[in-house]
Amino acid sequence: GLITIGSYAFYECTSLKDIELPNTLRTIGSRAFWSCTGLTKVVLPDSVSTINEYAFGCDEYWGYESNLTSINFPMAWTSAGSDIFYGCKKLTSITIPEGVTKIPNYAFYGAKYLTDVDMPDTLVTVGNYAFYECLGLESVTLPNSVTTLNNGSFSECSNLSDIKFSTALVTIGDHAFYECDALTEIELPATLNKIGSYAFYGCDGFTSIELPNSITTIYDGAFADCKNLSSINYPTSWEKAGSNIFEECKKLKSITVPEGVVSIPNYAFYGANCLTEVILPSTLQTIGNYAFYECKGIASIELPDGLITLKNGAFNECDGLTEIKIPDSVTTMNDYVFANCDNLSVVSYPVSLTTTGSNIFSDCPKLKSITVPEGVTILPRYVFYGSDLKTVSLPSTLAIIENYAFYESKELEALILPSSVTTIKDSAFRECSQLERIWIDEVTISINNNAFYGCDALTIHGKSGSVAESYALS
């Protein structure tokens with residue numbers, strides 16, 4: 001029996017009005033029935049597993065008008081090309097039979113005149129771009145068996161105003177509702193775990209979204225460019241985030257992280273440049289990599305007592321930030337935590353800080369002075385690397401200045417080391433090119449050979465016979 005109908009097999013057979021396809025048929029090729037304007041109804045045998053692009057399409061541009069009003073969904077259909085029903089203006093509805101578990105990728109891609117889709121209770125997965133650009137769809141009800149909406153499943157369905165989600169839904173894929181700007185509200189189920197990249201990008205109809213606490217993952221740009229979104233909650237199980245999730249959400253001004261949350265994931269509010277207020281819980285211990293990167297609207301934020309770790313770039317390029325009190329509970333600050341904060345002028349230094357990365361305060365042109373509080377015994381590696389500090393006040397408890405602590409602090413001109421300092425490690429003041437004077441007490445017993453490498457204008461002040469004098473003379 002017939003297994004395959006090849007590409008272009010009945011291309012522009014406009015007089016063809018009736019076809020009876022055998023139950024041995026598996027594959028229908030690209031444009032196999034393209035512009036067959038005499039066809040009004042097609043019965044596909046359930047053996048068909050593959051229908052390739054433009055198979056039943058029609059192009060008005062060349063004077064062809066499709067009269068296809070009815071076609072069934074074969075049970076074995078698993079593979080589809082794009083634009084299978086391109087230009088089929090009279091094909092407005094489709095019924096997917098019971099027993100079907102997946103709508104194939106691209107199945108109704110570009111079927112712009114489809115207005116009604118009846119889905120079975122056996123359906124589990126809607127494939128990639130299955131209903132892409134189905135401009136006629138206004139309302140869709142997903143059966144409660146559906147667990148997965150794959151990438152682009154309803155992307156650019158610009159007239160879709162109502163979507164009822166399955167109560168078993170776990171995953172919304174990348175671009176799933178990209179630029180579905182007629183959507184005004186959605187009710188997400190308590191089973192939802194993942195929202196993919198740009199899933200709701202450009203959905204301008206949203207003003208408020210309630211995210212279920214079951215969500216653990218929200219990827220890049222998931223709600224970006226939702227220009228009217230003014231309210232969204234923070235799910236308590238959120239563990240993983242992409243960048244630019246809320247970018248250009250111009251009406252989203254405030255976010256409250258609920259009590260019980262101990263860690264804000266990497267990139268959580270990366271690029272949320274319209275946020276002006278963030279309220280953090282007392283339970284918070286860690287702020288992830290680039291969590292508030294480029295949140296230029298935040299002028300101040302209260303970091304809770306109990307916070308332990310600020311990861312790479314946590315507040316990098318927060319240009320609106322003018323003052324920050326780092327609680328004494330903080331022990332770790334990684335690279336670039338407050339780097340490039342153009343208006344940051346006041347910072348409190350935490351007593352318990354023991355681990356630091358590089359460039360924590362680099363390129364903060366208004367941060368000219370800092371006081372390290374009493375009780376601090378070690379300045380960690382890289383702590384002021386690349387800073388614009390001109391004045392640093394050090395405590396009488398300080399004993400050790402670690403490697404690269406002031407490396408490339410090019411605005412620093414003079415510094416008095418307290419008499420408690422015993423050790424100055426490798427490259428501690430390396431390339432501090434404006435450093436002209438430093439006072440080192442006789443108690444200092446160890447100065448690494450490269451501690452002041454590149455400080456060409458430096459005069460070391462110390463006592464006769466001290467390690468400082470020996471270092472200066474060498």
Side-chain angles (χ1 to χ4, degrees), residues 243 247 253-255 257 264 266-280 284 286-305 307-353 355-373 376 379-395 404-413 415 432 434:
S243 62
E247 185 180 31
K253 303 294 186 185
S254 176
I255 196 86
V257 182
I264 294 176
N266 302 340
Y267 305 100
F269 300 100
Y270 181 116
N273 45 20
C274 298
L275 273 180
T276 59
E277 181 185 38
V278 178
I279 299 172
L280 301 176
L284 190 64
T286 301
I287 297 177
N289 297 330
Y290 299 94
F292 294 96
Y293 177 79
E294 270 194 350
C295 288
K296 296 179 185 292
I298 298 174
S300 65
I301 187 168
E302 185 176 344
L303 302 179
D305 293 333
L307 185 66
I308 296 170
T309 301
L310 292 165
K311 291 191 174 181
N312 298 333
F315 293 93
N316 193 351
E317 295 199 26
C318 289
D319 290 346
L321 200 61
T322 59
E323 180 176 353
I324 191 75
K325 182 182 185 300
I326 305 168
D328 286 336
S329 55
V330 170
T331 62
T332 301
M333 294 169 66
N334 296 142
D335 300 348
Y336 296 95
V337 174
F338 293 101
N340 304 296
C341 293
D342 289 350
N343 291 295
L344 184 63
S345 59
V346 179
V347 171
S348 67
Y349 186 100
V351 170
S352 302
L353 187 63
T355 303
T356 61
S358 64
N359 295 86
I360 293 173
F361 302 107
S362 66
D363 295 309
C364 295
K366 293 188 178 179
L367 184 62
K368 299 298 184 185
S369 176
I370 198 162
T371 297
V372 180
V376 172
L379 284 183
R381 289 161 50 91
Y382 299 102
V383 63
F384 298 116
Y385 177 121
S387 74
D388 292 325
L389 290 169
K390 296 190 74 169
T391 305
V392 178
S393 176
L394 300 175
Y404 299 93
F406 291 90
Y407 177 42
E408 283 193 348
S409 294
K410 294 186 177 180
E411 298 292 317
L412 194 62
E413 296 178 357
L415 187 64
C432 290
Q434 300 298 313

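A heavy-atom distance below 4.5 Å is found between the side chains of T286 and K311. You'll find the side chain of E294 stays beyond 4.5 Å of the side chain of N273, heavy atoms only. T355 is not listed as a side-chain neighbour of P380, based on a closest heavy-atom distance of 4.5 Å or more.
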Evaluate side-chain contact (heavy atoms from CB on, under 4.5 Å) for V383 paired with V372, printing each intermediate quantity in order.
CA-CA 11 Å; V383 63; V372 180; over 6 Å; no
What's the verdict on side-chain contact (heavy atoms from CB on, under 4.5 Å) for F269 and V278, showing C-alpha distance, side-chain angles and the deciding distance?
CA-CA 10 Å; F269 300 100; V278 178; 5.7 Å; no
As a quick check of understanding, evaluate side-chain contact (heavy atoms from CB on, under 4.5 Å) for I298 and F315, giving each step before the final call.
CA-CA 10 Å; I298 298 174; F315 293 93; 5.6 Å; no
Go through F292 and L321 one step at a time and tell me if the side-chain contact (heavy atoms from CB on, under 4.5 Å) criterion holds.
CA-CA 11 Å; F292 294 96; L321 200 61; over 6 Å; no
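No donor-acceptor contact under 3.5 angstrom links the side chains of T331 and S352, judged on distance only. Side chains of N343 and K366: a donor on one and an acceptor on the other come within 3.5 Å.
For residues 318-329, the pairs satisfying side chain to side chain donor-acceptor pair (under 3.5 Å) are K296-D319, with sequence neighbours left out.
Between Y267 and Y270, the angle of the ring planes lies from 30° to 60°, which puts this pair in the tilted group. In this pair, Y382 and Y385 present their aromatic rings tilted. The plane angle is within the 30 to 60° band.
By the ring-ring contact (aromatic ring centres under 6.0 Å, His included) test, Y336 is found to be paired with no residue, residues two or more places apart in sequence or in another chain being considered. A search for side chain to side chain donor-acceptor pair (under 3.5 Å) contacts involving E408 returns nothing, not counting sequence neighbours. Checked against side chain to side chain contact (heavy atoms under 4.5 Å, CB included), E277 has the following partners two or more places apart in sequence or in another chain: S254, I279. Partners of N340 by side chain to side chain contact (heavy atoms under 4.5 Å, CB included), not counting sequence neighbours, listed by chain and number: N316, E317, D363. For the side chain to side chain donor-acceptor pair (under 3.5 Å) test, no residue two or more places apart in sequence or in another chain qualifies with T356.
Interatomic distance, CG of L275 versus CD1 of I255, reported as 6.5 Å (0.5 Å rounding). A distance of 12.0 Å separates CE of M333 from OG of S358, quoted to the nearest 0.5 Å.
In terms of heavy-atom proximity, C295 sits nearest to A272 at SG-O, 3.7 Å. The two residues V330 and P350 have their closest heavy-atom pair at O-CB, 3.9 Å.
Between the side chain of N312 and the main chain of D335, a donor-acceptor pair closer than 3.5 Å is present.
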